[in-house]
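Take a look at the structure set out below.
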Amino acid sequence: MKKLWISIVAGLLVFPMLFQAPAQAAAKPIRVIIDGVTLSTDQPPVMVNGRTMVPLRAIFEAFNADIKWNQKTQTVTASQNDTTIVLKIGSKIATINNKAVSLDVPGQNLKGRTMVPTRFVSEALGREVGWNPAAQIVTITTPVPVGGNAAPVSGVTAQDISDYGDGRDLQISFNRAADESLVDQYRVLVAKTGTSLNLSSALAVGANNYSVALVTGANPVVKLNAAARTIDGDLIKNNQGYSVYVVTVGKGNNTSALSSAAAVITLQNKAVPALGTVQATDTSDYGDGRDLSVSFNKLADESKISSYRIFVVKASNSTVFDLGRANAVSSSNYTQINKTGNNISLNLSSGSRDTDGALIKTGVSYRVYVLAVDSSNAANNVLSPASTALTLANAGVSNLNVTDVNDYNDGRDLKVTFNHATDETNISQYRILVVPVNYYSSFSLNDANNVSSANYTAVNTSGTYTEQILNSSSRDVRGSLIRNGTSYKVYVLAAGNWNNSGSNVLSAASPAITLVNTSGLSAISNLSVSDVNDYGDGRDLRVSFNHAGDESYISHYGILVVPMNYYNSFSLSDANNAGNYTTAGTSGDSTNQVLDSSAKDVRGAAIKPGISYRVYVLTVRNGSYQGANVLSEGSAAITLSAKLPVTSVTNVTYGMDNGKLVVNFTKSARESNISEYRVFVVPSKQSFGTAEALNVQSSYYRSAVPNGSNLSIAAAAKDINGNPIVKGTKYKVYVLAVANSSGVQNGGLSDSSEEFEI
């Protein structure tokens, strides 16, 4: 009893530790400020063991570093100027220019984002880092280089030279610096009129938002292109005032210099007629394109155009949407209407898509453009200005959110929360729909209406708020069990009652979520199956997989063979209760195992050809771990071949009967797939195998049909080469079992008899 009580107390002390997360949330949100600008990230910075971690891509892009990501090795390589950093997720060793350095905290994956240590990345790329613990603010500054003083250029002039309505209209010229030996390059910066600019902010402009002129010994003339942008990242356009500056960038440690601004210039485009104002309004609550009504004034002169195209552009992409991009949009991603001679107003359809190819949905901010199409020359097409931004509202639920709350490796890990519709008079229930992200772009209200009741979770309308943890048998909309490692988006369908059955409302999608297991167990990876033999039982099935990275709490792995007609209902609970599986040990990094002849599927039936299976692997905990076992994803489906090998005859001997050579042998152990036996006489010095046996002429051997008994067959009077069998020559005899149409092999050749002479 004393030992029992000690075990219980120890368990109570250890249990809370199992749920401690590796990253501790700060009392205040952590902010990262780079050269006075707050770093924007989709995953907030977190503190891990006293180090601030930020999303990998956000920090490197903020420094304008070139990034390469190797998904297989979980390694990021970032380069800027003469510095190259290599950082492997999970490793406390990184390299800077091939020199190894130690990290206090390694890069790691947190809630689906790859996070890296802020200080290490910043200092490795030459930035200075400060930390204010009271305000929870990291400050990163770019030091100003010291050295010689590169001189500013003079005579900066901007001209309007074309009528394209973009950066191609703008040409900049200036007088080069007095001493170009100190100059690395010139940067041409275009700022909207009224934007203040100093040397520090000019040097901080991203590489995509300026144009470069190299040192040539002559005064540069720079003609911009259609993709040219302002220092804010906006495309250069007509009817906008701009100030142009030139930064003389110092070479090495030489300081840079900023020119005076050129005279303000406003580009004018007289060649393109104007389309009237485009208006977009939200008119319904279908949760798709039918909610969006578009109206616009036609061109005053429609003589050269054939039709109009309506483009729905995500507001976040609208700053880069121009005539070139409009002309390149796929026909499936816009709505086309013929000219009518009148101003136009119409509602889009349920299948309408934005220019990225995604179905139009509630909760996404859009701007709408209209293109007047010149059927003879796309270069003469006319693109309207954008409509005001519009986010389609939805009469259904709001504040939809999803979180990973457990480590069961099934639906119990997923919590869904949302606010109910304000008016539930015509709503019978809410349906929680879990959609794999790789299916997300094509998911619509019509799809939601057709999801089987087995593949959603129903919630009643009582109360104003739902907080629902799904159950172990919960499935995604495709019918697969919800599992770790798959990325999902969640929707909620407000289903109409009998008074309103035709007006179901689909919510906007939740943020993407990939369920992870933060416990001591994890699933195997790279599971594959193959058909390797033809015994007609478990020996035909090979299973291979990579072991879990940490096997400290793992006792063994269980290989479970599941018939496909049982596949849709197979879960972790079923796996835990399966009495029929093959055990694989934890030694080594991987398992490559052929099952044995007595192996059975999880229903207790012998594994056999002609049945379609999926294979799962269960990671089984040991006695020192109290959490749940972990079930892998299912393998690809496999159906074992029904063909069986030809079994060769045995005990081949020779004898003489009335001066004739007779061959005796024990029949094949399985004659069901054999059509005949062939007897060959072979000179003993001659090489002979199955391939040679199959090519011997029929007149140079004797054959017999299997009769269920051992046989004695008179040999041919000639050897396999057609030569007469003569005294004084040594021979051997062979017997070939020849396959019928159901055999997988052409034949099975016996071992030879003993050498003999006539």
Donor-acceptor pair, distance only, cut-off 3.5 Å: does the side chain of Thr266 make one with the backbone of Asn239? no
Chi angles and distances behind the side chain to side chain contact (heavy atoms under 4.5 Å, CB included) call for Thr319, Leu235: CA-CA 7 Å; Thr319 57; Leu235 288 166; over 6 Å; no
Under the ring pair (Phe, Tyr, Trp, His ring centres under 6.0 Å) test, residues paired with Tyr366 that sit two or more places apart: none
If you compare all heavy atoms of Ala158 against all heavy atoms of Val244, which two are closest, and at what distance to 0.1 Å? CB-CG2, 4.0 Å
Who are the ring pair (Phe, Tyr, Trp, His ring centres under 6.0 Å) partners of Tyr488, not counting sequence neighbours? none
Between Asn381 (side chain only) and Asp374 (backbone N and O only), is there a donor and an acceptor less than 3.5 Å apart? yes
By salt bridge (Lys or Arg N to Asp or Glu O under 4.0 Å), which residues pair with Asp82, not counting sequence neighbours? none
If only atom types and distance count, is the side chain of Ser510 paired as donor or acceptor with the main-chain N or O of Val490 below 3.5 Å? yes
Could you name each residue pair satisfying salt bridge (charged side-chain N to carboxylate O under 4.0 Å, His left out) that touches residues 195-215, not counting sequence neighbours? none
Lys88 atom NZ: more than 12 heavy-atom contacts under 6.0 Å: yes
To the nearest 0.5 Å, what is the distance between CD1 on Ile231 and OH on Tyr242? 11.5 Å
Strictly distance-based, threshold 3.5 Å: is any side-chain N or O of Thr95 a donor or acceptor partner for the main-chain N or O of Asn97? no
Examine distances only and state if a side-chain atom of Gln108 and a backbone atom of Pro106 form a donor-acceptor pair shorter than 3.5 Å. yes
Assess the residue pair Val48 and Leu110 against the criterion (side chain to side chain contact (heavy atoms under 4.5 Å, CB included)); give the C-alpha distance rounded to whole Å, side-chain angles, the decisive distance to 0.1 Å, and a yes or no. CA-CA 11 Å; Val48 178; Leu110 296 175; 4.3 Å; yes
Check the pair Glu180, Arg176 against salt bridge (Lys or Arg N to Asp or Glu O under 4.0 Å), reporting the backbone distance first and the verdict last. CA-CA 8 Å; Glu180 288 191 317; Arg176 62 194 179 98; 3.2 Å; yes
Rounded to the nearest 0.5 Å, what separation is found between the OG1 atom of Thr118 and the CG atom of Leu39? 8.5 Å
Kindly write out the residues that satisfy salt bridge (Lys or Arg N to Asp or Glu O under 4.0 Å) with Asp184, not counting sequence neighbours, or none if the list is empty. none
Partner residues of Phe443 under the ring pair (Phe, Tyr, Trp, His ring centres under 6.0 Å) criterion, sequence neighbours left out: Tyr491
For residues 165-205, which residue pairs pass the ring pair (Phe, Tyr, Trp, His ring centres under 6.0 Å) check, not counting sequence neighbours? Phe174-Tyr186
Asn70 vs Thr75, test: side chain to side chain donor-acceptor pair (under 3.5 Å). Steps then yes/no. CA-CA 5 Å; Asn70 188 319; Thr75 301; over 6 Å; no
Looking only at side-chain N and O atoms, does Thr38 offer a donor or acceptor that is under 3.5 Å from a partner on Arg31? yes
Which heavy atom of Ala178 sits nearest to which heavy atom of Ala151, and what is that distance? N-CB, 4.4 Å
Backbone N or O of Leu197 within a donor-acceptor pair of the Ser201 side chain at under 3.5 Å? no
Lys28 side chain to Ala135 backbone, donor-acceptor under 3.5 Å: no
Please find the pair of heavy atoms, one from Pro511 and one from Val402, that lie closest to each other, and give the distance. O-CG2, 3.7 Å
I need the Arg119 CZ to Glu128 CD distance, nearest 0.5 Å. 11.0 Å
Without hydrogens or angle criteria, can the side chains of Asp66 and Ser79 be said to hold a donor-acceptor pair below 3.5 Å? no
With respect to Ser387, which candidate in Val368, Thr277, Val370 satisfies the side chain to side chain contact (heavy atoms under 4.5 Å, CB included) definition? Val368
Regarding Asn343 and Asn297, is there a side-chain donor-to-acceptor distance under 3.5 Å anywhere? yes
Sequence-distant partners of Arg57, salt bridge (Lys or Arg N to Asp or Glu O under 4.0 Å), two or more places apart: Glu61
Using 0.5 Å steps for rounding, measure from the OH atom of Tyr308 to the OG atom of Ser384. 11.0 Å
Is a side-chain N or O of Asn347 found less than 3.5 angstrom from the main chain of Arg290, in a donor-acceptor match? yes
Return each pair, listed once, that meets salt bridge (charged side-chain N to carboxylate O under 4.0 Å, His left out) where at least one residue sits in residues 229-248; pairs must be two or more places apart or across chains. Lys192-Asp234
Phe120 and side chain to side chain contact (heavy atoms under 4.5 Å, CB included): which single residue from Val101, Leu125, Val129, Val105 fits? Val101
Indicate the atoms forming the closest heavy-atom contact of Trp131 with Thr52, along with that distance. CZ3-OG1, 4.2 Å
Mind jotting down which residue pairs meet the side-chain hydrogen bond (donor to acceptor under 3.5 Å, both in side chains) criterion with at least one end in residues 98-107? Sequence neighbours excluded, please. Arg51-Asp104
Looking only at atom types and distance, does a side-chain atom of Arg187 sit under 3.5 Å from a main-chain N or O of Ser211, one as donor and one as acceptor? no
Return the orientation label for the Phe321 and Tyr369 ring planes: parallel under 30°, perpendicular over 60°, tilted otherwise. tilted
Measure from the side-chain N and O atoms of Ser295 to the backbone N and O of Ser293, and report whether any donor-acceptor pair falls under 3.5 Å. no
Here the pair of heavy atoms bringing Pro45 nearest to Val32 is CG-CG2, 4.1 Å
Those residues that, when tested against Arg168, pass salt bridge (Lys or Arg N to Asp or Glu O under 4.0 Å) (two or more places apart): Asp166
Compile the donor-acceptor pairs under 3.5 Å between side chains in residues 352-359 and protein atoms, sequence neighbours left out, one pair per line.
unit_1 : atom_1 : unit_2 : atom_2 : d
Ser352 : OG     : Ser349 : N      : 3.0
Ser352 : OG     : Ser349 : O      : 3.1
Ser352 : OG     : Ser349 : OG     : 3.1
Arg353 : NH1    : Gly357 : O      : 2.9
Asp354 : OD1    : Asp356 : N      : 2.9
Asp354 : OD1    : Gly357 : N      : 3.1
Asp354 : OD1    : Ala358 : N      : 3.1
Asp354 : OD2    : Lys314 : NZ     : 2.6
Asp356 : OD2    : Lys314 : NZ     : 3.1
Asp356 : OD2    : Asn317 : ND2    : 3.0

Could you please spell out the steps behind the side chain to side chain contact (heavy atoms under 4.5 Å, CB included) verdict for Ile236 and Leu267? CA-CA 9 Å; Ile236 294 171; Leu267 301 178; 3.7 Å; yes
Any side-chain donor paired with an acceptor under 3.5 Å for Ser330 and Ser332? yes
Cut-off 3.5 Å, side chains only: do Asn132 and Thr139 have a donor facing an acceptor? no
Could you grab the distance from atom CG of Asn419 to atom CG of Asn399, nearest 0.5 Å is fine? 4.5 Å
Straight-line distance of Ser306 OG to Gln336 CD, nearest 0.5 Å: 6.5 Å
